K.L.:
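Quick one: the structure is below, and I'll ask about it shortly.
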Amino acid sequence: MNKNKRDKIAILGGGPMGLAVAYELCLHGYKPTLFEADDRLGGMAASFNFGGIDIERYYHFHCLNDYDFFELCKELNIFQEIEWRETKMGFFFKQKLYKWGTISSVLLFPHLSLTSKLRYLLHAARCLTLKNWDKLDKIKATSWIKKWLGRKNYKILWEALFQYKFFKYKDDISAAWIWSRINRLARSRKNLKENIGFLKGGSKLLIESLEDKLRSFGCKLNCKSLVQSIKPLKSGGAQLTVNNKKYTFDKVITTCPLPIISSIFRNGGVENKTVNKYASQKSVACACVLIQTKKAITENFWTNINDERFKIPGIIEVSNLRPIHPHITYIPFYMPFDNKDYKRPDDSFIKDSWNCLKTINPNLKDDDLVVAKCNRYKFAQPVCGTNFKKKLPNIEPFKGIFTVDTTAYYPEDRGISESIKFGRTLVKQILKNSY
């Protein structure tokens, strides 16, 4: 790789992973070119103006073990902007809001027997002590949880979460994936109390700090730049078509969702089993409603919901984490993008969201609603099935072309810290010619 040739390394995707890749390349003396189809950097961590407040389009938070995020913040001189809060969790079930997420709340929950409560707590403890997840990769999450908790308890505590997160894929998810999610949050505790972190300026501060640093290094950042095709070259690298213009690169690193890559390769004239593997990667879309209210909905940061009237797995009250007013709540609707419900207009999702919030908190009045917005993303949540690693395409399908997204660090779920770690590690491996 020639450090003196500015336009010889291309990065596709300006989310946290793509920016981390660019940053690490710059630290090694390279000046890559990054293409982002959106009108701003950040991917799912990008922010927008919501009723006069800059806020992420999709909710984000940080855990005590997000070490790679902390390290990058130190390098960008924004580590001091991280704050921590003891947060609370709730569970809305049978038209009543219960406390959740602590040993005492589980023991006091009236809809489980004592034996069931002990099984639930033992399962949580097992998730903390488990180190080798290889066996879990071969097991379905729903089967694994039913084995630990029993079918009745699964129906109360987990069924709605799987149903309204994955719909037709709910029984396909790997136990390793759900274990990783439980484990990450369980480790973000001090004295058994959940501690969640946030940047004072939100993810916008991270993205803008990275953007400023990358531009100072000479990295070329291009938004509104749709990569239409990748044509692999026999000598390595590829010819890219971006906004109908052609560019040649010695190395190409893609960080956008894998399902998108299949059509980009096909537009470049590539048709083979490898390309078909990209198309076979499944994802769930998200219509994420944000609502500003004059008052809080609950005292919780996260409230799980088991209510057949609403296809909502939970609500996230970011104002119970960050001091933001008016009060902001995220209400995510997950579903496959080919689900007929995904074609509903934004107002329909907003109406359902508002009805759900008023059901959880009957004291809410219609004039408490300040403003609402619905954001959508087609590839919000990868569907990580059993034996998932074996089903992923090779990271380097063609010489000098590297294709990754958040599935690359499975079983960890998509997250800013995980994306930063993987992106920076990938660059180091590429520079050592390990692929």
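For reference, positions follow the sequence shown, starting with 1. This one's a predicted model, so the numbers in the text were calculated from it and none came from an experiment.
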K.L.:
Indicate the atoms forming the closest heavy-atom contact of Pro397 with Thr274, along with that distance.
P.N.:
CB-CG2, 3.5 Å
K.L.:
When rounded to the nearest 0.5 angstrom, what is the spacing between CG in Asp54 and CD1 in Ile324?
P.N.:
10.0 Å
K.L.:
Hey, does the Lys NZ or Arg CZ of Lys74 hover above the aromatic six-ring of Phe79, less than 6.0 Å from the centre and inside 45° of the axis?
P.N.:
yes
K.L.:
What do the steps show when you test Leu112 against Leu157 for side chain to side chain contact (heavy atoms under 4.5 Å, CB included), and what is the final call?
P.N.:
CA-CA 10 Å; Leu112 297 175; Leu157 301 174; 3.9 Å; yes
K.L.:
Looking only at the aromatic ring of each residue, does the gap between the centers of Phe398 and Phe265 stay below 6.0 angstrom?
P.N.:
yes
K.L.:
Below 4.5 Å, heavy atoms only, C-beta onward: do Leu258 and Thr407 meet side chain to side chain?
P.N.:
yes
K.L.:
Is any NZ, NE, NH1 or NH2 atom of the basic residue among Asp39 and Lys224 found under 4.0 Å from an Asp or Glu carboxylate oxygen of the other?
P.N.:
no
K.L.:
Going through the distances and angles, do Cys223 and Leu41 end up as a side chain to side chain contact (heavy atoms under 4.5 Å, CB included)?
P.N.:
CA-CA 7 Å; Cys223 291; Leu41 298 172; 3.8 Å; yes
K.L.:
When you look at Asn300 and Thr303, which way does the side chain to side chain donor-acceptor pair (under 3.5 Å) test go after all the steps?
P.N.:
CA-CA 6 Å; Asn300 307 314; Thr303 299; 3.3 Å; yes
K.L.:
Between Thr359 and Gln95, do the side chains contain a donor N or O and an acceptor N or O under 3.5 Å apart?
P.N.:
no
K.L.:
In terms of side-chain geometry, is the basic nitrogen of Arg57 or Asp38 positioned less than 4.0 Å from the acidic oxygen of its partner?
P.N.:
yes
K.L.:
Measuring only between side-chain heavy atoms, which start at C-beta, is Leu221 closer than 4.5 Å to Glu36?
P.N.:
no
K.L.:
Taking the six-membered ring of Phe301, is the NZ or CZ of Arg85 close enough (under 6.0 Å from the centre) and on axis enough (within 45°)?
P.N.:
no
K.L.:
Working to the nearest 0.5 angstrom, can you tell me the gap between Met17 CE and Phe422 CZ?
P.N.:
6.0 Å
K.L.:
Apply side chain to side chain contact (heavy atoms under 4.5 Å, CB included) to Cys26 and Leu214, showing your working.
P.N.:
CA-CA 7 Å; Cys26 287; Leu214 290 172; 3.9 Å; yes
K.L.:
Nearest 0.5 Å, please: how far is CG in Asp137 from NZ in Lys135?
P.N.:
13.0 Å
K.L.:
Please step through side chain to side chain donor-acceptor pair (under 3.5 Å) for the pair Gln292 and His327, ending with a clear verdict.
P.N.:
CA-CA 5 Å; Gln292 283 187 15; His327 195 85; over 6 Å; no
K.L.:
Let me confirm one number: the CD-CD1 distance from Glu317 to Ile291, rounded to the nearest 0.5 Å.
P.N.:
11.0 Å
K.L.:
Could you tell me whether Trp302 and Tyr330 have their ring centroids closer than 6.0 angstrom?
P.N.:
no
K.L.:
Run the side chain to side chain contact (heavy atoms under 4.5 Å, CB included) check on Thr142 and Phe162 step by step: do they pass?
P.N.:
CA-CA 8 Å; Thr142 50; Phe162 276 97; 4.1 Å; yes
K.L.:
Indicate, with yes or no, if the rings of His123 and Trp179 have centres closer together than 6.0 Å.
P.N.:
no
K.L.:
Is the cationic atom of Lys165 (NZ for Lys, CZ for Arg) positioned less than 6.0 Å from the six-membered ring centroid of Tyr334 and within 45 degrees of its normal?
P.N.:
yes
K.L.:
Looking at Glu56 and Arg322, is there a salt bridge between them, counting it only when a charged N and a carboxylate O are closer than 4.0 Å?
P.N.:
yes
K.L.:
So, Tyr278 and Thr403: side-chain donor and acceptor under 3.5 Å apart, yes or no?
P.N.:
yes
K.L.:
So, using side chain to side chain contact (heavy atoms under 4.5 Å, CB included) as the criterion, who are the partners of Glu418 when residues are at least two apart?
P.N.:
Asp66, Arg184, Tyr409, Glu412
K.L.:
Testing the 3.5 Å rule here: is there a donor-acceptor pair between the side chains of Thr102 and Ser104?
P.N.:
yes
K.L.:
Among Tyr154, Phe109, Trp100, Phe91, which residue satisfies the ring pair (Phe, Tyr, Trp, His ring centres under 6.0 Å) criterion with Tyr120?
P.N.:
Trp100
K.L.:
Do Asp413 and Gln381 come within less than 4.5 Å of each other through their side chains, counting heavy atoms only?
P.N.:
yes
K.L.:
Can you tell which of Arg344, Lys311, Arg309 makes a side chain to side chain donor-acceptor pair (under 3.5 Å) with Asp352?
P.N.:
Arg344
K.L.:
Using the benzene-type ring in the case of Trp, are the ring centres of His62 and Phe70 under 6.0 Å apart?
P.N.:
no
K.L.:
Nearest 0.5 Å, what's the CG-CH2 distance between Asp368 and Trp354?
P.N.:
5.5 Å
K.L.:
Considering only NZ, NE, NH1 and NH2 on the basic side and carboxylate oxygens on the acidic side, decide whether Lys251 and Glu396 come within less than 4.0 Å.
P.N.:
no
K.L.:
Can you name the residues that form a side chain to side chain contact (heavy atoms under 4.5 Å, CB included) with Lys200, not counting sequence neighbours?
P.N.:
Glu81, Glu83
K.L.:
Just grab all the salt bridge (Lys or Arg N to Asp or Glu O under 4.0 Å) pairs involving residues 87-101, residues at least two apart or on different chains.
P.N.:
Lys88-Glu299
K.L.:
Please check if any side-chain donor atom of Tyr410 sits under 3.5 Å from a side-chain acceptor atom of Ser180, or the reverse.
P.N.:
no
K.L.:
Would you give the length of the straight line joining atom CG of Asp307 to atom OH of Tyr164, rounded to the nearest 0.5 angstrom?
P.N.:
8.5 Å
K.L.:
Hey, are the side chains of His60 and Ser203 touching, using non-hydrogen atoms and a 4.5 Å cut-off?
P.N.:
yes
K.L.:
Taking the six-membered ring where the residue is Trp, are the ring centres of Trp177 and Phe166 under 6.0 Å apart?
P.N.:
yes
K.L.:
Could you walk me through whether Ser116 and Asn153 satisfy the side chain to side chain donor-acceptor pair (under 3.5 Å) test, starting with their C-alpha distance in whole Å, then the side-chain angles of each, then the deciding distance to 0.1 Å, before giving a yes or no?
P.N.:
CA-CA 7 Å; Ser116 298; Asn153 301 325; 2.9 Å; yes
K.L.:
So, Phe50 versus Phe48, ring centres under 6.0 angstrom or not?
P.N.:
yes
